[in-house]
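Heads up, the thing below is written out as structure tokens.
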Amino acid sequence: MTAPVRNIPRHIAIIMDGNGRWAKQRLQPRFMGHRAGVRAVEGVVKHCAASGVEVLSLFAFSSENWRRPSKEVDLLMELFSHALDNQVQRLHQNNIRLQVIGDISRFSSTLQNKIAEAQNLTRHNSGLLINVAANYGGRWDITQAVNQLMAEVAAGKRAAGPVSEADIESCLVTASIPAPDLFIRTGGEQRISNFLIWQLAYTELYFTDTLWPEFNAKALEHAIEWYGQRERRFGRTSEQVQEQSDA
Ligand code: IPE
Ligand code: IPE
Ligand code: MG
């Protein structure tokens, strides 16, 4: 008898929440939580790459996170910049492709350049694709997609008239990437916080109280096992899905 095939999600999207509370529990400044959060990313990336996950989307900084105290925003930018300095070579050696999704025009030119370099260096890699969502918002994503379509009409490259779901999808920052199969939010909140709102339409949603700095390979494995138990019906009946999988 062959071992049952494990049902591995092709695309995992994660809201890495709970860094601040993790630090607070330890009577440390929030910054220490964010630092510990970066270390947790390394473990999760390793486990995804080893498990054959194709795409990992990580919410690093939302379009609403600018509302935080400027000191915390500055520290987050610094951490992002350092993480690029320290991690990109290793990602590249491991055949991992890095892509930043979000409106990076608001970042310093130094950070924008580092992002461009990292994307350039890793763009031909064929292993795990990591989407780092930075200054990302799902509403921004849909809006920029619609604006692209309108610009095409204005330039005479597209006929005026109704647009289809496929048209919008082709202009989202995740165009050509399969939608997330598994969404994970750490830190106990049960909300989407303007992450990939279009793309999550049929994603399995997993919420855990574990704070992000404590989310390790074992915790990820737990989420993947949970995903394996889901029946994804996409509007069909359970019987139809069973028939299909028996065929
Ligand atoms: C998530 O952790 C990291 C970012 C939003 C950058 P938080 O900083 O939101 O941590 P909590 O929710 O305050 O614990
Ligand atoms: C969502 O976390 C954004 C990131 C993890 C980057 P927040 O902690 O900012 O979310 P809300 O504001 O509590 O919903
Ligand atoms: Mg939070």
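As the structure lists them, so they are numbered: ligands from 1, and atoms in each ligand from 1. Here the structure is a predicted model, which is why all the values come from computation and not from measurement.
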For the Mg ion (ligand 3), what is the number of protein N, O or S atoms at a distance under 2.8 Å? 1

Please state whether the rings of Tyr136 and Trp140 are parallel, tilted or perpendicular, taking 30° and 60° as the class boundaries. perpendicular

With heavy atoms of His34 as the reference, note each atom of ligand 1 found under 4.0 Å away. 3 (C), 8 (O)

Around atom CZ of Arg232, are there more than 12 heavy atoms of other residues, nucleotides or ligands at under 6.0 Å? yes

With side chain to side chain donor-acceptor pair (under 3.5 Å) as the test, would you mind laying out the steps for Trp198 and Glu169 before giving the verdict? CA-CA 9 Å; Trp198 174 290; Glu169 211 150 67; 2.8 Å; yes

Using a 6.0 Å cut-off, check whether atom NE2 of His47 has over 12 heavy atoms from anything other than its own residue. yes

Using every non-hydrogen atom in the two residues, find where Leu196 and Ala13 come nearest and quote the distance to one decimal. CD1-CB, 4.0 Å

Got more than 12 heavy atoms from elsewhere within 6.0 Å of CD, Glu165? no

For ligand 2, run through the N/O pairs with the protein that fall under 3.5 Å and put one pair on each line.
residue: ligand 2; atom: 8 (O); partner: Asp17; partner atom: OD1; Å: 3.1
residue: ligand 2; atom: 8 (O); partner: Arg68; partner atom: NH2; Å: 3.3
residue: ligand 2; atom: 9 (O); partner: Asn65; partner atom: ND2; Å: 2.8
residue: ligand 2; atom: 9 (O); partner: Arg68; partner atom: NH2; Å: 3.2
residue: ligand 2; atom: 10 (O); partner: Arg185; partner atom: NH2; Å: 3.3
residue: ligand 2; atom: 13 (O); partner: Arg191; partner atom: NH2; Å: 2.8
residue: ligand 2; atom: 14 (O); partner: Arg191; partner atom: NE; Å: 2.7
residue: ligand 2; atom: 14 (O); partner: Arg191; partner atom: NH2; Å: 3.4
residue: ligand 2; atom: 14 (O); partner: Ser193; partner atom: OG; Å: 2.5

Please determine, by modelled atom types, if Asn65 and Ser62 share a side-chain donor-acceptor pair under 3.5 angstrom. yes

Contacting atoms of ligand 1, where contact means under 4.0 angstrom from a heavy atom of Arg30: 7 (P), 8 (O), 10 (O), 13 (O)

Check the orientation of Phe80 and Phe107. Use parallel for under 30°, tilted for 30 to 60°, and perpendicular for over 60°. perpendicular

Under 4.5 Å side-chain linkage, directly or through intermediates, the cluster mates of Val55: Leu129, Ile177

Between Arg21 and Glu214, is there a salt bridge with N-O shorter than 4.0 Å? no

For Ser105, all residues meeting side-chain contact (heavy atoms from CB on, under 4.5 Å), sequence neighbours excluded: Asp103

Can you tell me if Lys24 contacts ligand 1 (heavy atom of the residue under 4.0 Å from the ligand)? no

